[in-house]
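Note: hydrogens, waters and symmetry copies are ignored here, and every other heavy atom, side chains too, is used. Protein chains get the first letters and strands the later ones, always in sequence-line order, with residue 1 at the start of each.
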4 protein chains.
Amino acid sequence: MSEAEVPAEAGPAGRADFSTGRLEAFSDGVFAIAITLLVLDLGFPEPDSLHGVSLAGALARQWPSYFAYLVSFLVIGIIWINHHAMFALADRVDRRTLFANLFLLLTVSVIPYPTRMLAAYLTNAGRDGHTAAAVYAAAMVAMGAAFSLLFLSFTRDARVLRTPVSAKDLRAARRRFGFGGLIYLLAFGLAFVSPVAMLVTQGLLAVYYCFDQLAPARRTG
Amino acid sequence: MSEAEVPAEAGPAGRADFSTGRLEAFSDGVFAIAITLLVLDLGFPEPDSLHGVSLAGALARQWPSYFAYLVSFLVIGIIWINHHAMFALADRVDRRTLFANLFLLLTVSVIPYPTRMLAAYLTNAGRDGHTAAAVYAAAMVAMGAAFSLLFLSFTRDARVLRTPVSAKDLRAARRRFGFGGLIYLLAFGLAFVSPVAMLVTQGLLAVYYCFDQLAPARRTG
Amino acid sequence: MSEAEVPAEAGPAGRADFSTGRLEAFSDGVFAIAITLLVLDLGFPEPDSLHGVSLAGALARQWPSYFAYLVSFLVIGIIWINHHAMFALADRVDRRTLFANLFLLLTVSVIPYPTRMLAAYLTNAGRDGHTAAAVYAAAMVAMGAAFSLLFLSFTRDARVLRTPVSAKDLRAARRRFGFGGLIYLLAFGLAFVSPVAMLVTQGLLAVYYCFDQLAPARRTG
Amino acid sequence: MSEAEVPAEAGPAGRADFSTGRLEAFSDGVFAIAITLLVLDLGFPEPDSLHGVSLAGALARQWPSYFAYLVSFLVIGIIWINHHAMFALADRVDRRTLFANLFLLLTVSVIPYPTRMLAAYLTNAGRDGHTAAAVYAAAMVAMGAAFSLLFLSFTRDARVLRTPVSAKDLRAARRRFGFGGLIYLLAFGLAFVSPVAMLVTQGLLAVYYCFDQLAPARRTG
């Protein structure tokens with residue numbers, strides 16, 4: 001199945017074999033579907049099952065669903081923006097990066113699952129609430145790790161990059177990944193204290209990344 | 001996607017950092033999925049659950065589902081056409097626009113949820129029908145606001161645009177947004193009077209936008 | 001919402017305003033999702049609900065689901081191929097074509113709904129089987145009509161086409177559409193005689209279009 | 001998509017009529033949706049239905065779902081990488097390849113169905129477990145066969161390829177396809193011995209293809 005191995009522009013060292021165009025298209029598809037599938041997990045009571053409660057009241061009691069939806073939407077959206085920014089730096093990638101990207105997509109496409117589990121158990125004060133929160137936090141740890149791996153694979157060979165990234169910038173980026181990973185692990189620990197606090201932390205982290213992303217534009221704008 | 005792309009941090013003013021290619025691809029994905037997921041909410045009675053009613057009769061009684069489906073399909077379709085028309089004006093956007101676009105996608109991807117809730121409660125004459133209609137109308141207000149925000153972010157910096165838009169045209173566009181926002185708020189108010197009237201208004205608004213869109217072509221064609 | 005109306009390359013007569021790139025991307029998304037969502041409607045009995053029947057036997061009795069799935073997959077696949085072939089003829093389209101395309105996408109994205117209804121009622125010999133078959137056949141009539149409309153809008157202005165299509169070829173194409181429409185109406189009539197015969201006809205029609213499509217390549221190859 | 005495109009009927013030999021751009025976009029859409037829909041089949045017990053079992057325990061007992069999910073994700077991901085590598089060799093394809101590709105997409109888009117059936121029956125030691133495993137293995141045989149067909153159609157006419165593939169390389173690729181097909185048939189046989197062994201084999205095969213894919217890069221890197 002792997003015959004078509006040496007495409008037209010294959011580099012002298014057999015690296016950077018694949019154009020990023022289709023990798024981006026496939027990844028965009030997975031990101032777009034994962035972010036849109038989240039809405040399938042938002043429910044509401046059918047007219048017959050309200051038993052005297054008002055629909056408004058019933059929906060208000062569903063805040064965990066809306067909250068988990070919003071945080072997961074933001075997380076996937078920001079990952080997409082980072083993915084976009086990273087792949088804008090190169091025209092071609094090697095096979096290793098293709099597989100690292102596939103691993104990232106695995107962790108992204110799975111997010112709707114822990115999201116709906118967390119929504120169902122968020123207000124559960126006992127053991128099971130902690131389990132659901134830990135699964136959600138673990139999914140985020142995996143996604144963060146996958147993105148770091150992808151970044152390392154991507155920047156391993158400077159020849160791939162259209163615009164060389166300075167060693168100093170790379171070190172700074174790696175420091176940042178380390179810091180992000182630390183927060184993700186911290187959030188994982190929080191899952192065993194309070195599921196709500198864990199989800200708030202994930203939300204704040206996402207909002208922080210938004211502003212962090214906007215910062216360079218403001219500084220130089 | 002294949003022209004000389006200046007990476008995110010290299011622009012002289014740090015603005016217009018991202019090529020619109022992937023933004024459009026990701027947005028197209030979300031639009032396409034949201035518009036296609038609507039069909040999952042169209043149901044029909046299983047053969048065993050008809051209890052003497054004919055399938056045709058049972059389907060006829062489901063007109064609220066079909067009506068809500070049609071209006072939401074039109075709304076998303078027209079938003080896509082406007083999105084397309086807007087981004088055809090620029091080759092690159094800045095981070096702020098990326099986030100404004102993400103906010104628009106949030107409001108678009110959520111539409112299947114209020115659509116299926118409204119379908120379930122459309123014929124409910126009481127309080128709960130008003131609630132469902134208000135949620136639907138609120139989703140449309142949010143979407144209209146998100147599109148306005150995106151437009152403002154997009155046109156804030158004239159350098160971004162391939163074809164400069166005259167100040168007069170911008171003022172006219174902003175007037176129009178104000179008018180559109182007014183109608184959306186009016187429809188929100190209608191939700192508390194009659195859910196069906198609210199949905200009819202949304203449908204008429206969408207049809208109006210269709211013809212409004214077709215008008216320039218006819219005038220000059 | 002419709003301010004961004006005069007894109008950079010707007011023709012002298014305000015026509016052919018939109019590049020086909022994004023129209024194709026959005027349409028591909030809808031086609032791809034509709035064709036893939038079909039699989040969600042394939043069910044199987046849970047282990048506890050078999051009550052002594054073998055899984056193999058239970059699956060065999062589900063042949064209507066598989067049959068309807070296959071026909072609908074083929075129909076959407078062939079529509080996509082025709083869509084592809086048509087839009088390869090032009091670089092830009094006008095607004096009217098954008099809306100005609102949206103109408104086609106409406107009829108395509110809805111296909112999973114009549115498909116699963118037909119699957120549930122295919123073996124129903126009575127009135128309800130005819131209803132489900134008629135709904136399916138009506139969806140196909142609508143899709144055929146939408147494609148014809150799109151084709152007419154697309155070829156109305158010869159200036160849009162990169163490669164002019166001769167008047168003779170256009171007449172031939174229109175004759176073909178007329179013939180196709182006739183068969184679709186015939187299949188609609190068949191729905192009231194036998195749902196299975198109707199579905200077989202749709203399948204044969206799709207297979208016929210496959211070979212028809214392959215024919216030119218063979219004749220000249 | 002923007003080079004001078006010769007419409008479908010204009011090629012001198014009527015071959016290689018279609019640009020690969022939209023074929024890839026449509027295929028990427030189907031791959032991305034199929035790989036992401038898998039997550040919809042991951043379930044968890046609702047809070048009320050645990051009856052004293054812990055959520056962690058209930059999830060642990062669901063390992064067949066996770067295992068089947070992982071293997072199917074890998075299989076689709078690797079098919080996508082191979083598809084990508086293959087189509088990077090050509091700019092245009094003929095109608096026959098379009099249909100062969102449609103057949104591959106049929107076998108790919110159906111994968112979520114046998115995956116969720118296998119997950120439900122994986123631990124079933126009797127007849128029904130074998131049935132579910134055989135259906136899954138048969139889906140893989142069909143997919144392998146479809147990919148081989150596509151490859152044959154694709155390489156049939158050397159003029160289509162941007163970079164000619166040597167007769168020796170073609171023979172090697174065909175030998176490999178034969179070998180892969182053999183393993184798939186073997187796995188099909190294993191379904192009747194042990195569903196778990198069948199799934200492990202499919203997983204190992206996928207992992208083998210991963211390393212096989214990475215090998216050339218390492219050898220020459």
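The side chain to side chain donor-acceptor pair (under 3.5 Å) test applied to A/D128 returns no partner, not counting sequence neighbours. The side chain to side chain donor-acceptor pair (under 3.5 Å) check on A/S109 picks up D/Y69, with sequence neighbours excluded.
Considering only heavy-atom pairs separated by less than 4.5 Å from chain D, the leading option among A/N124, A/L106, A/T131, A/V110 is A/L106. The candidate with the highest count of non-hydrogen atom pairs below 4.5 Å against chain D, out of A/I111, A/L23, A/V108, is A/L23.
To the nearest 0.5 Å, atoms CG (A/L102) and CD1 (D/I78) are separated by 7.5 Å.
By the 4.5 Å heavy-atom criterion applied to side chains, A/V30 and D/F31 are not counted as neighbours.
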Identify each donor-acceptor pair in which a side-chain atom of residues 36-61 of chain D lies under 3.5 Å from a protein atom, sequence neighbours left out, and give them as a table.
from: D/T36; atom 1: OG1; to: D/A32; atom 2: O; distance (Å): 2.5
from: D/S49; atom 1: OG; to: D/E46; atom 2: N; distance (Å): 3.3
from: D/S49; atom 1: OG; to: D/E46; atom 2: O; distance (Å): 2.9
from: D/S54; atom 1: OG; to: D/G57; atom 2: N; distance (Å): 2.9

(request) Please test D/W80 against A/R22 for side-chain contact (heavy atoms from CB on, under 4.5 Å), starting from the C-alpha separation and ending with a verdict. (result) CA-CA 10 Å; D/W80 175 78; A/R22 265 195 85 182; 3.6 Å; yes
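For A/A132, the parts sitting under 4.5 Å from any heavy atom of chain D are the backbone and the side chain alike.
By a heavy-atom distance cut of under 4.5 Å, not one residue of residues 112-120 of chain D is near chain A.
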